[in-house]
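See below for the structure under consideration.
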Amino acid sequence: MTLYLYNSATRSKQLFEPQNPERITMYVCGPTVYNRVHIGNARPVVVFDTLFRLLKDCYPRVDYARNITDIDDKIMHLAATRGEDIKQVAQRYTEYYVEDMAALNNLTPTLVPLATEHVPEMLDMIARLIDKGYAYNSDGHVLFSVQKMDGYGALSGRSLEHMLAGARVEVADYKRYAGDFVLWKPSAEHEPGWPSPWGRGRPGWHIECSAMAEKHLGETVDIHGGGQDLLFPHHENERAQSCCAHDGKPLARYWMHNGFINIDGEKMSKSLGNFKLVSDLLTQYPGEVIRYVVLSAHYRSEQNFHVELLNAAWRSLDSLYGFLRTANDLDALAVDLKAAAGYKALLDDLNTPIALSELHRLARDMQQATGQRRQQLKYELLGVADLLGLLQQNPDDWFTRARSNDAMAADEIEAAISARQSAKASGDYGTADEIRKNLETRGVILEDSRQGTQWRRG
RNA sequence: GGCGCGGUGGCAGAGUGGUCAUGCAGCGGACUGCAACUCCGUUAACGCCGGUUCGAUUCCGACCCGCGCCUCCA
C-alpha cells in the first residue's frame, strides 16, 4: 500500500509518509457560517471526505478536524442587519451546513472545533508570538511581522518584493509593514469581543486554524487541506504563525488544495449571480448525484459545472444501481480491496475519475460473471464505491423513493402493474400499453422481465 | 506588472512516446407483443507552428486562446 499525494508546498506528487502511522492527522479549513453553502464550498468537503475514507481504510486511526469559523466580520454584519446575536446566526448556518454536507454523504469529521470556543488558545499563541518577537502590538491590534520570518511566502511561491510590487493594498496606518497581517483586532463597544491583554477584541482570520490544529492535532499535522484560494494568504499565514510559535517546526507535512468550480466557464460569484446553492440543487437532485459530479473530475483541476452534468451523473448512477438491483439477493464475497484497480487509482493522488470508471467496469463484469466470481465482484464494486461515498443505499430505494410529495404512491403503482398484467394475460395489449403510458406520464417507468415487472421513478 | 494553471471526440473527463480510457448522448443490431432494462457492434478527439524521434496527443521551443491568485472568496 503506497499512497501518493500532490503536495502544494513542493509542487510535486510525493509518497505519503505519516509522522506516526498509528495516528494520521488531517486538518481541513471549514466554512465561515454566514450563508448557505454553494457547490464550490462542497467540493473540498467531498474531496477530503473521500481522502478521509481512504486513510481510514489504510491506517488504524485518523483524526480529521474540520473547523467552523463562527466569529468573523461577515457574520457580524449579517447579525447586525438582522438584529440578531452572532451566535444565533452562526448556529443556524452551521446547522444548514451540517445538513447539506450530510446529504452529499460526507462523514462527520473526527473533530469539529469552533473558533469561539478556542479564544484562550488563540490568545496564548499570540502571546507566544509576541514573546518570540514575531508579533507586535499596535494601537489595539496585534500584527504578525512577516519580515521576521525566514521563508515567508515559500508555501505559495512568492516573495515579499513580488507580493507588494503590484499590490493595490491600502496600507493600514497601524501596520509597520504592508504585508503584516492581523492576529488580534479591537472591537468597538457594540461589536462582539473578548477581553485580552491588548484590549477587548476578536481574533484575526488565520489564528484560529493554527490554535485549533495545535490543540487537537499537535504542532505538525500530516495533511492540511482546503481550496486553492486559501493557499494565499490564509495558509501562508497559518503556516507562518504555527511555524514561528513552534520554533520552526512545520505546520503540515503535506498541503493539498482543490481547484475551483466554474459555472458555464465563469467563476462563481455573487455579482454574476451564477452560484449554485447545494440546498437548491438538492430540491431537484439526490445528494449522491451531486457527489458523483464532484468526483467526476480530478480534485486539482478546475471543474466546469452545469445542469447537463447532473443529468448525466444521475443516469450513470441509475446504470450502476441497475446492475446492483439485479444482484440484490447476491451475497458479497470478500476479496482484497487493495488489489482493485479503483483502489489503486485512489492511492494515486485521489484519482476519482479513474475510480468511477472502475465502478462501471466492475458493474459490467459482475453482470456477466457467475458463481463466486460474481459475488466477489459485488464486494469489490461496493467496496470501491464506499470509499467514494457512493452506491451504499438499497437499489430498490434508489429507484422507487418518491422525489416529491405529489408523486404516485407505491401501492397505487403496484395496483396499476397488476391490472396491466391481467390485460397482458388476456392479450389486451392496448389496455396494457395505456396503463404503462399513464404511469410514464406520472414519472414511473416499467421494466418487464421473466421474473416479472419492476418499476422505477424516472 | 509578479507568480501559476490549462486548451482532448456532441457534453464531461482520465491517460499514455507506438492496439482500447470511461460515463452520458448518437447511430446500427439482438432481446421484447411493443417498450424499458440488458447485450453486441459502431461514429468521433488530443489549440496552432516548428523541433527531437523510426514514430508524438504524450518530450522540447515559439505562438494563439482561456483561466486563477497577488490580504480575509472553497
Side-chain angles (χ1 to χ4, degrees), chain A residues 8 11 28-32 37-48 69 72-74 146 153 156-159 161-172 175 178-182 204-206 225-234 236-237 257-262 265-270 275 292-293 296-298 300-306 308-320 322-323 325-326 345 351-361 364 367-368 424 427-430 432-433 436-437 440 445-450 453-456 458:
Chain A
S8 305
R11 282 161 209 86
V28 172
C29 293
T32 300
V37 294
H38 54 64
I39 184 70
N41 297 308
R43 169 123 99 149
V45 180
V46 170
V47 164
F48 290 106
T69 300
D72 169 273
D73 286 6
K74 290 189 288 293
V146 297
S156 54
R158 45 194 97 201
S159 66
E161 305 84 78
H162 284 155
M163 256 185 278
L164 299 177
R168 17 74 170 175
V169 200
E170 219 176 294
V171 182
K175 288 188 183 182
D180 292 350
F181 60 89
V182 172
W205 179 32
H206 319 295
Q228 189 70 57
D229 58 324
L230 294 182
L231 185 55
F232 188 87
H234 186 51
E236 190 68 57
N237 291 348
H257 295 93
N258 62 275
F260 269 50
I261 285 182
N262 295 328
E266 285 186 304
K267 183 181 174 177
M268 218 177 335
S269 73
K270 282 184 185 167
F275 60 102
Y292 188 103
V293 170
S296 70
H298 184 85
R300 275 191 283 122
S301 54
E302 249 173 32
Q303 181 169 36
N304 199 14
F305 194 88
H306 46 104
E308 292 79 66
L309 277 187
L310 289 160
N311 295 328
W314 197 334
R315 281 178 228 116
S316 293
L317 281 166
D318 276 345
S319 159
L320 292 168
F323 287 118
R325 200 181 198 185
T326 65
N351 195 330
T352 54
I354 292 286
L356 286 180
S357 76
E358 277 301 307
L359 255 35
H360 289 278
R361 209 211 82 225
R364 220 168 272 284
Q367 180 80 346
Q368 278 159 15
K424 272 174 69 175
D428 182 1
Y429 291 115
D433 287 353
R436 185 173 63 199
K437 194 129 196 262
E440 202 177 325
I445 294 160
L446 301 187
E447 292 173 10
D448 291 340
S449 75
R450 283 175 199 83
T453 299
Q454 278 191 327
W455 62 274
R456 65 186 163 91

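These values consider heavy atoms only, across backbone and side chains, with no hydrogens, waters or symmetry-generated copies. Being a predicted model, the structure only gives us computed values, none of them experimental. Every chain is numbered from 1 and lettered A, B, ... according to where its sequence line falls, protein lines coming before strand lines.
- Residue N304(A) places at least one side-chain N or O closer than 4.0 Å to OP1 or OP2 of A12(B).
- Using modelled atom types, one side-chain atom of Q303(A) and one backbone atom of V293(A) make a donor-acceptor pair closer than 3.5 Å.
- Residues D73(A) and W205(A) fail the side-chain proximity criterion, which asks for heavy atoms closer than 4.5 Å.
- Judged purely by atom type and a 3.5 angstrom limit, N304(A) has no side-chain atom pairing as donor or acceptor with the backbone of I261(A).
- Between R315(A) and D318(A), no side-chain nitrogen of the basic residue sits less than 4.0 Å from a carboxylate oxygen of the acidic one, so the salt-bridge criterion is not met.
- E236(A) places a side-chain N or O within 3.5 Å of a backbone atom of G153(A) that can act as its donor or acceptor partner.
- Whole-Å rounding puts the F305(A) CZ to C11(B) C1' distance at 14 Å.
- The CG atom of N237(A) sits 10.0 Å away from atom CG of D180(A), with the distance rounded to the nearest 0.5 Å.
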Start with the C-alpha distance between S449(A) and Q454(A), add both sets of side-chain angles, then the distance that settles side-chain hydrogen bond (donor to acceptor under 3.5 Å, both in side chains), and finish with yes or no.
CA-CA 8 Å; S449(A) 75; Q454(A) 278 191 327; over 6 Å; no
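- Here I445(A) lies in heavy-atom contact (under 4.0 Å) with sugar-phosphate atoms only.
- Among the atoms of the strands shown, only primed sugar atoms or phosphate atoms (P, OP1, OP2) are found under 4.0 Å from some heavy atom of S301(A).
- Close to G15(B), at under 4.0 Å from its OP1 or OP2, lies a side-chain N or O of N351(A).
- When distances run from any side-chain atom of N258(A) to the nucleotides A74(B), C39(B), C67(B), the shortest one goes to A74(B).
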Give the dot-bracket line for RNA chain B from 5' end to 3' end: parentheses for intra-strand Watson-Crick or G-U pairs under 3.5 Å, square brackets for crossings, | for inter-strand pairing, dots for unpaired.
(((((((..(((.....[...))).(((((.......)))))....(.(((..]....))).))))))))....
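- The Q303(A) side chain lies nearest to G13(B) when the options are C67(B), U71(B), G13(B).
- A residue-by-residue look at E440(A) and L230(A) shows that E440(A) has its nearest nucleotide of RNA chain B further toward the 5' end.
- For C40(B), one of the phosphate oxygens OP1 or OP2 lies less than 4.0 angstrom from a side-chain nitrogen or oxygen of Q368(A).
- A14(B) atom C1' lies 17 Å from atom CD of E302(A), rounded to whole Å.
- Within the 4.5 Å cutoff, the side chain of Y292(A) has heavy atoms near those of the S316(A) side chain.
- For the pair H306(A) and A12(B), the criterion of a side-chain N or O lying under 4.0 Å from OP1 or OP2 is met.
- Relative orientation of the H234(A) and H206(A) rings is tilted, given thresholds of 30° and 60° on the angle between their planes.
- Mapping H206(A) and A297(A) onto RNA chain B by nearest heavy atom places A297(A) at the nucleotide closer to the 5' end.
- OP1 or OP2 of C37(B) has not a single side-chain nitrogen or oxygen of T453(A) nearer than 4.0 Å.
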Walk along nucleotides 20-33 of chain B from 5' to 3' and tag each nucleotide B, S or - by protein heavy-atom contact under 4.0 Å, base first, then sugar-phosphate.
-BSSSS-------B
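- Within 4.0 Å of G157(A), counting heavy atoms only, lie sugar-phosphate atoms of the nucleic acid but no base atom.
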